[in-house]
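Any value given below was found using the heavy atoms of this structure, including those in side chains, with hydrogens, waters and symmetry copies removed. As the structure is a prediction and not an experimental result, all values here were calculated from the model.
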Number of protein chains: 2
Amino acid sequence: MASKSDLIYRVDCPSRAILDQIADKWSVLVLAVLKEPRRFNEIKRRLEGITQRVLTQTLRRLERNGMVARRVLPGPPLGVEYSLTPLGRSLERPFGAIYDWTIENMGVIQAAQRRYDRAEDA
Amino acid sequence: MASKSDLIYRVDCPSRAILDQIADKWSVLVLAVLKEPRRFNEIKRRLEGITQRVLTQTLRRLERNGMVARRVLPGPPLGVEYSLTPLGRSLERPFGAIYDWTIENMGVIQAAQRRYDRAEDA
DNA sequence: CGGGATCCAGGATGATACTG
DNA sequence: CAGTATCATCCTGGATCCCG
């Protein structure tokens with residue numbers, strides 16, 4: 001009875017690789033910040049807690065995936081502006097839904113965590 | 001000019017902690033599998049590539065966050081069934097949107113990646 | 001069947017220093 | 001300003017063995 005079709009989410013499905021790329025917290029937040037085009041340090045300042053290294057990596061990954069465009073501003077002084085591509089903009093809605101869900105359900109989740117942790121102690 | 005409000009996504013906002021909890025690929029896939037209640041090894045079989053350790057951790061985390069319910073089946077033989085709570089079910093829509101987006105845009109993304117990688121070589 | 005405990009290696013991360 | 005390079009560290013995940 002255990003046929004091949006039991007395996008719904010196969011490892012070799014490209015969607016799995018893509019999920020790996022986008023399903024992380026910083027991508028959600030970076031995409032949110034880039035609703036308007038911004039420069040590197042602008043993004044960094046708005047995402048309290050991110051390090052320059054991780055921000056660079058995240059932006060590179062998003063750029064490679066075609067979700068973010070990188071544009072060097074005619075200088076000096078040096079400047080680089082990041083913005084959403086059409087593909088990146090198409091992610092705004094689903095990612096926004098996640099973020100909104102998070103905000104809406106913060107209270108419920110924190111209550112659940114307290115309940116769980118209390119039960120653990122016993 | 002650089003006021004405190006520039007900092008949209010503060011580290012101390014609980015939503016950031018919650019995003020940490022849910023924004024990973026396995027949560028998306030586990031929640032998808034649990035559209036119907038399933039037992040541990042059923043889930044594991046359907047999520048090709050996940051190890052038992054990681055699946056356990058993911059389920060525990062989802063349980064702690066109040067998104068998944070764990071129920072020990074009257075045995076023997078032993079059995080444990082996992083199912084979505086109402087909170088978990090409320091995540092189906094936004095997570096499903098992410099998954100659908102992934103499927104729809106696989107081709108575009110892979111093309112972008114090839115383009116990027118080719119440009120890198122040069 | 002459904003895990004818990006342990007060990008171990010590799011990748012991610014933070015801090016720091018340097019550069020065009 | 002917008003990164004790259006390096007190093008020490010930490011944490012995750014894989015593999016394995018065991019138990020009720």
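The CG-C1' distance, from A/L73 to D/dA2, rounds to 11 Å in whole Å. Going from atom CG of A/D24 over to atom P of D/dT12 covers 15 Å, rounded to whole Å. Rounded to whole Å, atom C1' of D/dG3 lies 18 Å from atom CZ of A/R71. Between the CZ atom of B/R45 and the C1' atom of C/dG2 there is a distance of 13 Å, rounded to whole Å. A/I50 places its CD1 atom 13 Å from the P atom of D/dG3, with the value rounded to the nearest Å. Between the CZ atom of B/R60 and the P atom of C/dG2 there is a distance of 12 Å, given to the nearest Å. The nearest whole Å value for the distance from the CZ atom in B/F40 to the P atom in D/dG20 is 18 Å. Between the NZ atom of A/K44 and the C1' atom of C/dG14 there is a distance of 12 Å, rounded to whole Å.
In the set D/dG14, D/dT4, C/dG2, the nucleotide with an atom closest to the side chain of B/N41 is C/dG2. Closest to the side chain of A/L78, out of D/dC1, C/dG14, C/dG2, is D/dC1. Looking at the side chain of B/Q52, the nearest of the listed nucleotides D/dG3, C/dG14, C/dG3 is C/dG3.
Side-chain nitrogen and oxygen atoms of A/R38 include none within less than 4.0 Å of the OP1 or OP2 phosphate oxygen of D/dA2. For the OP1/OP2 pair of C/dG2 and a distance below 4.0 Å, the side-chain nitrogens and oxygens of B/R39 include at least one atom meeting the criterion. Proximity of B/R53 to the phosphate of C/dT6: no side-chain N or O atom is located under 4.0 Å from OP1 or OP2. Taking side-chain N and O atoms only, A/R70 has no distance below 4.0 Å to OP1 or OP2 of D/dA2. Look at A/Y82 and you won't find any side-chain N or O under 4.0 angstrom from OP1 or OP2 of D/dC1. Residue A/T56 places no side-chain N or O under 4.0 Å from the OP1 or OP2 atom of D/dG3. For the pair B/Q57 and D/dG13, the criterion of a side-chain N or O lying under 4.0 Å from OP1 or OP2 is met.
Around atom CZ of A/R89, more than 12 heavy atoms belonging to other residues, nucleotides or ligands sit under 6.0 Å away. In this structure, A/R93 places its CZ atom where only 12 or fewer heavy-atom neighbours from other residues, nucleotides or ligands lie under 6.0 Å away.
A donor-acceptor pair under 3.5 Å is formed between the side chain of B/T85 and the backbone N or O of B/M67.
Of the residues B/R38, B/R39, B/R71, the one that meets the side-chain hydrogen bond (donor to acceptor under 3.5 Å, both in side chains) test with B/E81 is B/R71.
Taking the charged nitrogens against the carboxylate oxygens, A/D117 and B/R64 do have a contact shorter than 4.0 Å, which makes a salt bridge.
Side-chain atoms of B/E42 stay outside donor-acceptor range of the base of C/dG2, with no qualifying N/O pair under 3.5 Å.
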